[in-house]
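Worksheet for the structure shown next.
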There are 2 protein chains.
Amino acid sequence: MTSKRERTRERILETALGLFRKRGFDATTMRDIAAAAGMALGAAYYHFRSKEALVMAYYERNQSAHEAAAHARFAQASDVTARLAAAFHSKLDVLSRDRKLLGAVFRSAGDPDDPLSVFGSGTAGLRDRSTAIFAEALAPLGLPSATAEVLARALWLAHLGLLLYFLHDRSRGQARTRRLVDELVGLFAPALTFAGSPGFAPVIARVIGAMDRARPPERPSARAKNKRGSGEGRSGSA
Amino acid sequence: MTSKRERTRERILETALGLFRKRGFDATTMRDIAAAAGMALGAAYYHFRSKEALVMAYYERNQSAHEAAAHARFAQASDVTARLAAAFHSKLDVLSRDRKLLGAVFRSAGDPDDPLSVFGSGTAGLRDRSTAIFAEALAPLGLPSATAEVLARALWLAHLGLLLYFLHDRSRGQARTRRLVDELVGLFAPALTFAGSPGFAPVIARVIGAMDRARPPERPSARAKNKRGSGEGRSGSA
DNA sequence: GTCTATAACATGATAGAC
DNA sequence: GTCTATCATGTTATAGAC
């Protein structure tokens, strides 16, 4: 039994996505969404604290879709080249209708205080799930776990870049992005085969060391939603 | 002799940067800027068509600073490892005070229609200048020009990633970012030495081919400033 | 051409009543 | 949970002073 809360949330999200797809993210206002969902502006904000939160909710849902799609493809793909291509292509498949929304995901990337930043702690769960798919793609290599983890993270990063490319790609059906995936996977996947060989151990160790030292210590998550430094508005809970 | 126009522009930009640095980009309003610069809101907009345009003006200026700083360092650095480190570190030097502004640069990255997007045609000039610095760092290798160009572009891309890391880096003096530069440069620069050797020619050719096919054809620059699909506002020049 | 003063607008977001 | 104000801000517009 879905609660009323959930049903309302769903209705808002569905309505918003429809409008985003049709007009784009910026051209769709929260008032449009609320009106189309048959409720007042405030009600929409009650369920989603910001317009970008709607995109994040969508993205969370899509993560599940990506997992399903990737797993389906993985079942047919045993070698790493095919599995990597499967991981990337299935992501593109899942997002194909929604390039217009995708930009909103990146908008907060450069703001460390934004809870919705792709790199922030607020999205860690989603990030881990996404990274896990790439780890699965690499599974047949049987790499040491530390190596596999580093590679999966690197692939997740590359996948972000790919989405950026995808989003800017005006070729029909984003054919260029599709080809780019094939070319890059074809180029680098064979090299990965060597990543487990003993000769590369020192290199791998060095990369792992560098990435470990580089990884920021998890901060206690500063829940700073207030952009306006002074403008406390009327939120005066003195 | 600087025109009045230029002097006023300078004053606005300087004031804005001061406020951005102190309070951050979002917390600084155009009204604040105009007031602090001792002029009316309209005057600020007369000189800068948008708030982000201020950031871009700043970025343009910083590009020049980076060129100067990098060249100064290049004069002392002959081997590629040192030159690459110089290129990256000088960029960080130039931006060190301004991490709070940097986020604004990335905000529009995911919007293909935004003239200020780092990947868009509106910023092509700045992008080329920035890429050129990395090409200079590689100069001692004497690589074929096609190879050098591909590598320089790749480095420019990596440098964007570095800025993203820099911006999120909360370590004191962004020490982690500094170390990351050293580690990555130390790791990859030696490998670049082989990029010119005949054995790697086929690999390089393949990468160049992939990147050429992937590069989008320069579009005739759709100067779309109008985000709101329908909202023509009052600009009704029927 | 540069700027002031002021009003207006659309939108994202919030507070407080019901 | 939902609605009705109400706000702050980016941005545009207008009319005129120098």
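Naming convention: chains lettered A, B, ... in sequence-line order (proteins, then strands); numbering from 1 in each chain.
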Starting the side chain at C-beta, find the nucleotide from C:dG12, D:dT2, D:dT11 nearest to A:Thr29.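 Side chain of A:Thr29 sits closest to C:dG12.
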
Just compare D:dC3, C:dG12, C:dC3 and give me whichever is closest to any side-chain atom of A:Ala40.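 It is D:dC3.
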
Using whole Å, report how far [atom1] of [X] lies from [atom2] of [N].
X	N	atom1	atom2	answer
A:Arg49	C:dT14	CZ	P	7 Å
A:Met39	C:dC18	CE	P	21 Å
B:Leu54	D:dT11	CG	P	10 Å
B:Met30	C:dC9	CE	P	21 Å
A:Arg107	C:dG12	CZ	C1'	12 Å
A:Glu6	D:dG1	CD	P	10 Å
B:Phe48	C:dT2	CZ	P	13 Å
B:Asp26	D:dG10	CG	C1'	12 Å

Contact under 4.0 Å: [X] side-chain N or O vs [N] OP1/OP2:
X	N	answer
B:Thr8	C:dC3	yes
A:Tyr45	C:dT14	no
B:Tyr46	C:dC3	no
B:Lys51	D:dT9	no

Should the ring pair A:Phe20 and A:Phe25 be called parallel, tilted or perpendicular, given that the plane angle runs from 0 to 90° and is split at 30 and 60?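 If you compare the ring of A:Phe20 with that of A:Phe25, the planes turn out tilted.
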
State, with a plain yes or no, whether a side-chain heavy atom of A:Glu149 is found less than 4.5 Å away from one of A:Ile208.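 Counting from C-beta outward, A:Glu149 and A:Ile208 never come under 4.5 Å.
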
Side chains of A:Asp32 and A:Arg23, heavy atoms from C-beta outward: is any pair under 4.5 Å? yes

So for B:Arg31 and D:dG10, does any side-chain atom that can act as donor or acceptor lie under 3.5 Å from a complementary atom in the base? yes

Grab the two heavy atoms, one from B:Arg127 and one from B:Gly120, that are nearest each other, plus how far apart they are.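 Residues B:Arg127 and B:Gly120, closest heavy atoms: NH1-O, 2.6 Å.
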
By nearest-nucleotide position on DNA chain C, the 5'-leaning member of B:Arg11 and B:Leu41 is B:Arg11

Between A:Phe134 and A:Phe88, does the ring centre distance come in under 6.0 Å?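 Aromatic pair counts; centres sit under 6.0 Å.
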
